[in-house]
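Worksheet for the structure shown next.
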Amino acid sequence: MKLTLSARPPFSFPSVVKSHGWVQLVPFAFDEASATLTYVDHLSSGRIIEYRIIGSPTGVTVQTSAKLTRSEQDEVAAKVIWMFGLEMDFSEFYALARQEPKLAKAEKNAQGRVLRSPTLFEDVIKTILTTNTLWGATKRMTANLVMQFGDPLADDSSRRAFPTPESLAVTTEERLRAETRLGYRAPYILALARAVASGDLDLEVLKAADIPTLELRKRLLKIKGVGNYAAANLLMILGHYDFLPVDSWALKIVSHEWYGGEPIGPAEVEAAFEKWGQRKGLAYWFWDWSYFEKG
DNA sequence: GGTAGACCTGGACGC
DNA sequence: GCGTCCAGGTCTACC
């Protein structure tokens, strides 16, 4: 099966794929040689399928080896549109970015979209797994979760979908600690899965564009394990850019940019991007950091 | 509301 | 080989 999906221009497939580290976390995988992003998904029909997503200047094509029903095709299309933010409009950000040399490439490179998981449940868990740890450990914890609790492709049990809330809800904190190696994050992940599986918490409604940012942030901060950094990161994913995900990395690159490498705190990071208002997250995310300049 | 201390893990580093 | 530090922070108790 093949679906062709159009994006609001400008659009850049590699810009979305490489917008942050999600592409390195299963069930995502990216093949550089063929420039193909794959993702193993658990459809609401119960089937486990793999998407092969290829970019074009006008959007993406999605291929699956499985033959899908009409409703399954609609589900895949809706999910990929969300994952790539195909309908998102960054024209107001680009208008401001044209005035800032450090964002001069933003419009040309069609920056703004960030790669998202099909469900906010998956993005919340992955975000919690990025906190207070090394990136390598985030990849390992995510891989453990997927291998231990995700359902496999019919023809390749080494490729699995992200666990459903229901599959995680029935496990124990002890197993998440001892086998999945989530450490102190185990009770957070378990509580989240149980809340979503029971229907007490509906994360998908938070994708609605008309929820005010402060209300959204308040709801995200109620999730155990989600603090200021994680909430800001999730707001970025949800298309709200009023808060900065200030982590140790942000402190490092902002210090290098404006403070000569001296130790700084979150206040200095906030001050550096204050003038960008509701688009400060975008300005921060796509800033042409001197930290990465060669030489 | 602000802050200190604890928290899982595992790689890097110094000895 | 061993101990310590720290990383894409958060929570809780305490003031």
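Letters go in sequence order (proteins before strands), and every chain restarts at 1.
- Between A:W135 and C:dG8, a base-stacking contact is recorded: ring centres under 5.5 Å apart, planes less than 30° from parallel.
- C:dG9 atom P lies 18 Å from atom NZ of A:K126, rounded to whole Å.
- Spacing between atom OH of A:Y284 and atom P of C:dG8 amounts to 11 Å, rounded to whole angstrom units.
- For C:dG8 and B:dG5, the P atoms lie 24 Å apart once the distance is rounded to whole Å.
- For the 3.5 Å distance criterion, the side chains of A:N233 and A:T127 qualify, holding a donor opposite an acceptor.
- Side chains of A:W276 and A:E100: no donor on one and acceptor on the other come within 3.5 Å.
- Residue A:A230 is classed as a sugar-phosphate contact, given heavy-atom separations below 4.0 Å to backbone atoms only.
- Look at A:E122 and A:R116 and you find no salt bridge, because none of the NZ, NE, NH1 or NH2 atoms lies under 4.0 Å from a carboxylate O.
- If you take atom C1' in B:dG10 and the same atom in C:dC11, they sit 22 Å apart, rounded to whole Å.
- For A:S248 and C:dG9, the shortest distance from a side-chain N or O to OP1 or OP2 is below 4.0 Å.
- For the pair A:L220 CG and C:dC11 P, the interatomic distance rounds to 12 Å; values are reported in whole Å.
- Considering only side-chain atoms of A:R140, the nucleotide from B:dG11, C:dA7, C:dG8 that sits closest is B:dG11.
- Between A:K252 atom NZ and C:dC6 atom C1' there is a gap of 11 Å when expressed in whole angstrom units.
- Rounding to whole angstrom units, CG of residue A:L244 and P of C:dG9 are separated by 15 Å.
- Residues from residues 172-193 of chain A placing a heavy atom under 4.0 Å of any atom in DNA chain C, listed by number, are A:Y184, A:Y188.
- To the nearest angstrom, P of B:dG10 lies 14 Å from CG of A:N132.
- Taking atom CG of A:L134 as the reference point, atom P of C:dC6 lies 12 Å away to the nearest angstrom.
- A salt bridge does not link A:R177 with A:E174: every distance from a Lys NZ or Arg NE/NH1/NH2 to an Asp or Glu carboxylate oxygen is 4.0 Å or more.
- A salt bridge links A:D41 to A:K79: one of the charged nitrogens lies within less than 4.0 Å of a carboxylate oxygen.
- Each of A:G21 and A:L221 lies near DNA chain C, and the nucleotide nearest A:G21 is the one positioned closer to the 5' end.
- If you check every strand for non-hydrogen atoms under 4.0 Å, A:T133 touches a base.
- Counting non-hydrogen atoms of other residues, nucleotides and ligands closer than 6.0 Å to NZ of A:K222 gives a total of 12 or fewer.
- Between the side chains of A:Q111 and A:S15, not a single donor N or O lies within less than 3.5 Å of an accepting N or O.
- Contact annotation for A:I223: backbone-only contact, meaning every heavy-atom pair under 4.0 Å involves sugar-phosphate atoms and none involves a base.
- OP1 or OP2 of C:dT12 sits under 4.0 Å from a side-chain N or O of A:K224.
- Across all strands shown, B:dC8 forms no Watson-Crick or G-U wobble pair with both key distances under 3.5 Å.
- A:I128 has its CD1 atom 15 Å from the P atom of B:dC8, to the nearest Å.
- Under the 4.5 Å side-chain contact rule for hydrophobic residues, A:V269 and A:Y229 do not share a cluster.
- Between the side chain of A:Y229 and the base of C:dG9, no donor-acceptor pair of N or O atoms lies under 3.5 Å.
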